[in-house]
**Student:** 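Take a look at this one; I'll ask things after.
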Amino acid sequence: MNFIRNFNNNAALVSDKEGVEWVVVGKGVGFGRKTGEVVDDSLVEHKFVAADKNSPEIEEFKDIKPQALQLTTEVVKLIEPLLKLTYNDYQYFTLADHIDFALKRARDGIEIDNGTVRWEVRKLFTHEFQVAQKAVELIKKKTGMTFPDSEVVFLTYHFVNAESDGSKLQETIKISRLIAGIVEIVQYQYHITLDTESFNYNRFITHLRAMMVQQLSKSQSGGSELDPSLLELMRVKYPLAFSTVERIDAFLQEKAGWKLESDGKVYMALHIWRVTHRQKIE
């Protein structure tokens, strides 16, 4: 490969024997090179085709610090076998951009607080969250810098996005925030803090996530309509759980435009009763 120009010491634009242009990344790969000079392949740790050398992604490489590029390469080597995926060119670039910005926030002492979503993400995407923790620990070890807890959440979102080829990230964030809101409503109504490690809590979260995925996909359960008397029975037998469901229904209508049907209210009330009643008696 022949050198064309560098973005920084660790990234450069090169061309191969067929004249195809590539962006190559590696420690020192762009340092002190002259146009036309042969680039040592052993220095290249990652490369991808520069389909459009004037594209914003290519040009933005010059703004990513060499340290961030080196860290990205090391993080990708760590996470690919754990997530059982291979990072494509665009995913590598977005991760590099993410890490570069994370380093800047850490240097400037800026924390973007993600509030109550943090523990919810840990429960919804347990494996990706654990991988993100390992990645943050690696970055801490390599840089000696301190990162806020929220950084693990942001990396978790990135990994979920990578696993779904970018098609589900917004849905993932939406579901996380809605579930966090519902849990807050339940805790407020019952004046308790739910045990996030309990089996019933995990059942509750699984039910909520399945319900929301169904809403997002517009799929229908296909089940028969519940007897209206059952809804009234739930209202009488579990008044607090049912009033909590009504609050949740209003919340979902306001935040997502979703309205709970009768069967949805019944199942929701049962899950709320279980997760709160079992916790109180344990």
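Numbering starts at 1 and runs along the sequence shown.
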**Student:** Quick one, L252 and M211 - any side-chain contact, counting heavy atoms below 4.5 Å?
**Tutor:**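 Sidechains of M211 and L252: in contact.
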**Student:** With a 4.5 Å limit on heavy-atom distance, are the side chains of T35 and I4 in contact?
**Tutor:**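 No - every pair of side-chain heavy atoms lies 4.5 Å or more apart.
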**Student:** What closest approach, in Å, do T72 and A68 show between heavy atoms, and which atom pair accounts for it?
**Tutor:**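 Closest approach of T72 to A68, heavy atoms only: OG1-O, 2.7 Å.
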**Student:** Among residues at least two apart in sequence or on other chains, which ones pass ring-ring contact (aromatic ring centres under 6.0 Å, His included) with Y238?
**Tutor:** W273
**Student:** Using a cut-off of 6.0 Å, state whether more than 12 heavy atoms not belonging to K140 lie near its atom NZ.
**Tutor:**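 Yes, enclosed.
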**Student:** Heavy atoms only: give me the nearest M268-I248 pair and the separation to one decimal.
**Tutor:** CE-CG2, 4.1 Å
**Student:** Mind checking whether Y267 and H207 have parallel, tilted or perpendicular rings, split at 30° and 60°?
**Tutor:**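 Because their plane-to-plane angle is over 60°, the rings of Y267 and H207 count as perpendicular.
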**Student:** Among residues at least two apart in sequence or on other chains, which ones pass side-chain hydrogen bond (donor to acceptor under 3.5 Å, both in side chains) with K104?
**Tutor:**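 Result, side-chain hydrogen bond (donor to acceptor under 3.5 Å, both in side chains) vs K104: D108.
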**Student:** Hey, quick one: are V275 and I192 part of the same hydrophobic cluster, counting side-chain heavy atoms closer than 4.5 Å, chains of contacts allowed?
**Tutor:** yes
**Student:** With a 4.5 Å limit on heavy-atom distance, are the side chains of R274 and F204 in contact?
**Tutor:** no
**Student:** Where is the tightest heavy-atom contact between L82 and H127, given as atom of each residue plus distance?
**Tutor:**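 Smallest heavy-atom distance, with atoms named: O-NE2, 2.8 Å.
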**Student:** If I compare all heavy atoms of F147 with all of A102, which pair ends up nearest, and what's the gap?
**Tutor:**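 Heavy atoms of F147 and A102 come nearest at CE2-O, 3.8 Å.
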**Student:** Between R235 and E246, does any NZ, NE, NH1 or NH2 come within less than 4.0 Å of an OD or OE carboxylate oxygen?
**Tutor:** yes
**Student:** Measure the spacing between OH of Y87 and CG of L85 and express it to the nearest 0.5 Å.
**Tutor:**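 Rounded to the nearest 0.5 Å, the OH-CG separation comes out at 6.5 Å.
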**Student:** Closest heavy-atom contact between A135 and F159?
**Tutor:** CB-CZ, 4.2 Å
**Student:** Just so I know, are the side chains of L138 and E74 near enough to count as touching, which here means a heavy-atom distance under 4.5 Å?
**Tutor:** yes
**Student:** Would you call V183 and Y201 a side-chain contact if the rule is heavy atoms closer than 4.5 Å?
**Tutor:** yes
**Student:** Would you kindly confirm whether Y188 and I179 end up in one hydrophobic cluster when ILVMFWY residues are joined by side chain heavy atoms under 4.5 Å apart?
**Tutor:** no
**Student:** Say you draw a straight line from CG of L103 to CZ of R105; how long is it, rounded to the nearest 0.5 Å?
**Tutor:**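 Reported value, rounded in 0.5 Å steps: 9.0 Å.
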**Student:** Quick one: pull up CG in L69 and CD in Q67 and give me the separation to the nearest 0.5 Å.
**Tutor:**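 L69 CG to Q67 CD: 10.5 Å, rounded to 0.5 Å.
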**Student:** What distance separates Q215 CD from I175 CD1, expressed to the nearest 0.5 Å?
**Tutor:**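 These two atoms lie 10.5 Å from each other.
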**Student:** Which pair of heavy atoms, one from S198 and one from D195, lies closest together, and at what distance?
**Tutor:**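 Closest heavy-atom pair between S198 and D195: OG-O, 2.9 Å.
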**Student:** Would you give the length of the straight line joining atom OG1 of T156 to atom CZ of F129, rounded to the nearest 0.5 angstrom?
**Tutor:**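 Here the interatomic distance stands at 5.5 Å.
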**Student:** Could you go step by step and tell me if L194 and T276 meet the side-chain contact (heavy atoms from CB on, under 4.5 Å) rule?
**Tutor:** CA-CA 7 Å; L194 295 176; T276 53; 4.3 Å; yes
**Student:** Does some side-chain heavy atom of L178 sit less than 4.5 Å from a side-chain heavy atom of L208?
**Tutor:**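 No, too far: nothing below the 4.5 Å cut-off.
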**Student:** For the atom pair CG (L260) and CG (D249), what is the distance rounded to the nearest 0.5 Å?
**Tutor:**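 Answer rounded to 0.5 Å: 4.5 Å.
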